[in-house]
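The shown structure was predicted, so the numbers you read here are calculated from the model rather than taken from an experiment.
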Amino acid sequence: MIRVTLPDGSVRELGAGATGSALAASIGPGLARAAVAISVDGAVQDLGRPLPDGATVSIITERDPDALALLRHSAAHIMATAVRDLFPGAGIGFGPAIDEGFYYDFAVDRPFTPEDLEAIERRMDEVITSDFPFTREVVDRSEAKRRFADDPLKLERISELGDDETITVYTDGPFVDLCRGPHVPSTGKLKHFKLLSGAGAYWRGDSSRQMLQRIYGTAFFRKDELAQHLMRLDEAKKRDHRVLGKQLDLFFFHQFAPGAAFWTDRGTAVVNELQRYMQQLQRDGYHEVRTPLMYNKGLWEISGHWGKYKENMFLVHDNETGEHDFSLKPMNCPSHYLMYQQKKHSYRELPLRYATYDVLHRNEVSGALSGLTRVRQFSQDDCHIFLMDRQIQAEVHRLTNFILKYYETFGLKATLKFATRPEERIGTDQMWDEAERALRHALEATGLPYELKPGDGAFYGPKIDFDVEDAIGRRWQLGTIQLDYAAPERFDLSYVGEDNTTHRPVVIHRAVNGSFERFLAILIEHFAGAFPLWLAPEQVRIVPISDAQTEAAAAVTARMRDAGIRAHLDDRHETLNYRIREGEIAKVPYMAVVGQREAEGNTLAVRTRGAGTKQDVVAVDEFVERLVGDIRERRLGPG
RNA sequence: GCCACUGUAGCUCAGGGGUAGAGCACUCGAUUCGUAAUCGAGCGGUCGUCAGUUCAAAUCUGACCAGUGGCUCCA
């Protein structure tokens, strides 16, 4: 007899050697059906394993957050089962559950085609129908090596396992895999899955190692969840900023300038608007500066970039020395330090905030480039703040509020991450204690929840990162507040304190957008191209019904432009329907139609984006006033 | 950088060893219209670049350029 304690505190007696499945069955048939695994003293394990006496257990069902990862891991095994069947001799790499599904890497002699994926899916269906149980077996090292003698990838993994680790092997039907587990009880548990794509992936992510073929897939417990996930992927595709950017005529790329965007007049209007907003927010207490884009290597030697970051810098050839002694700047920080060094600073000036929008270049490897999200040329809303230790808390508090307010303007919900001292770091423990304490206090003052990332800080100081969630639930890391104790040392920065002696300031690196390029990519996808009025490249399109109203419509357009509104007149000799359609496709927030009635009455028939034929006849004055107000307040909408 | 795929008109795409196709856009003409495509005509391409194979290459081969997906969320 054994006794186990359930989550509600009750104790159950079971026969010796009773398994999780037996426990579930003893509680009820519904639970037995819904059970996928069991937590024993906090560790998740297979239902089929015997329960130890005296354990505290809880049955894990589909509703449990851990259950999905388990299902997906099992799905990866089922996929491998199918692949091994269709591609005998395929080597088996890693096959974990990931955030949105699972993958498995295979050593095969050719990449998988879309047809292969379909065939694998069909074979998986058969494996599922067979409802093979997942069985666990503990083996010793030599037995493990014997079992996987024909698979060098697995042998490599086995040789790395520590002597104190239990080596386990899982079998489902014909497929045997080295695996830590746990798994769902049988292959039949997998009902709703889809293979999504195949791609090359290095063994262990190391580009000097063998290239494997990876298959990505996803799986859910419920059919509607899978359908919803697939719909979300589809929605993300539709919102792709690269597609919308072309459609809305915002920017383009050219093969002669890989990784650097060309901004059209429309795109430039949006970027300018973003920068103007940032400038407005930074009117008080910030010094906007401009510094050179290109520097002699001497600067990079001091900053440490020449040693550690050279690979990512664009070096420039100097005709006089014949050497590549110059580099385009990949970051603004050193420029700001040089600017700080130019004068002697009093403690009274601190915190001193230098803000800039300078263009930066980073030589990303060609394969990493992607639309506006990974580029080689970009500009940041960068700011470096020089301050005293005791000012850190107040400054971080101020910055955090600033950043959150900014995101709120776009309807982006932010979450915070707090990264503390890493293993490899500079500075004393006392300094880190103080820095982390100050950051944490500032964080807590916001009243927002934050995630702790121990050991994730920079070597030169702790940091706060800001993640935002967009309209379709995707997360992006954007802003950052980083404390830096190293740079002031390297650049010998100082200020004169109240005591009339020299002190070392601390530097805070702060970015809100990250880069304008990437932020705009996120905004395009977040708004699906339908920018709020204040950001829209074209805010109003004025559409006269016939030539008789062209003059009146032109007068309205001029009137709006005078009021600072980006208004365009569409007096082409096309039908009204045609022009309305084009305006809708261009996602212009408002179309103001001028017919005879409007021209005579000094009104506009306003069509609001997304509102269809529902129109709103308003006086020109009133409409202009309304738009100017909405733009000034940077209201979200319309739509 | 590495692997796979892709590159045909301004855009989206079809075709494919024997003189380049469609729709939209653009130009011109007609239409002057009340809220998502009026009709007709016309213009437009060294088929990403450079080599090679071939009687013949947009098509096959190679190199290069560019784009797309991916390159440990650890058995």
Could you check which of [options] has an atom nearest any side-chain atom of [X]?
X: A:Ser366; options: B:rU72, B:rU68, B:rG1; answer: B:rG1
X: A:Arg214; options: B:rU72, B:rA36, B:rC11; answer: B:rU72
X: A:Arg572; options: B:rG34, B:rU68, B:rC26; answer: B:rC26
X: A:Tyr578; options: B:rG1, B:rA25, B:rU31; answer: B:rA25
X: A:Arg581; options: B:rA36, B:rC74, B:rU38; answer: B:rA36

More than 12 heavy atoms of other residues, nucleotides or ligands under 6.0 Å from CD of A:Gln477: is that the case? yes

For [X], report the nucleic acid contact type (base, sugar-phosphate, nothing); a contact means any heavy atom under 4.0 Å.
X: A:Tyr216; value: sugar-phosphate
X: A:Ser370; value: sugar-phosphate
X: A:Thr550; value: nothing

Would you jot down, in residue-number order, the residues of residues 599-606 of chain A having a non-hydrogen atom under 4.0 Å from RNA chain B? A:Ala605

Among residues 87-106 of chain A, which residues get a heavy atom nearer than 4.0 Å to RNA chain B? A:Phe94, A:Ala97, A:Ile98, A:Asp99, A:Tyr103

How many whole angstroms separate atom CD1 of A:Ile580 from atom P of B:rU35? 9 Å

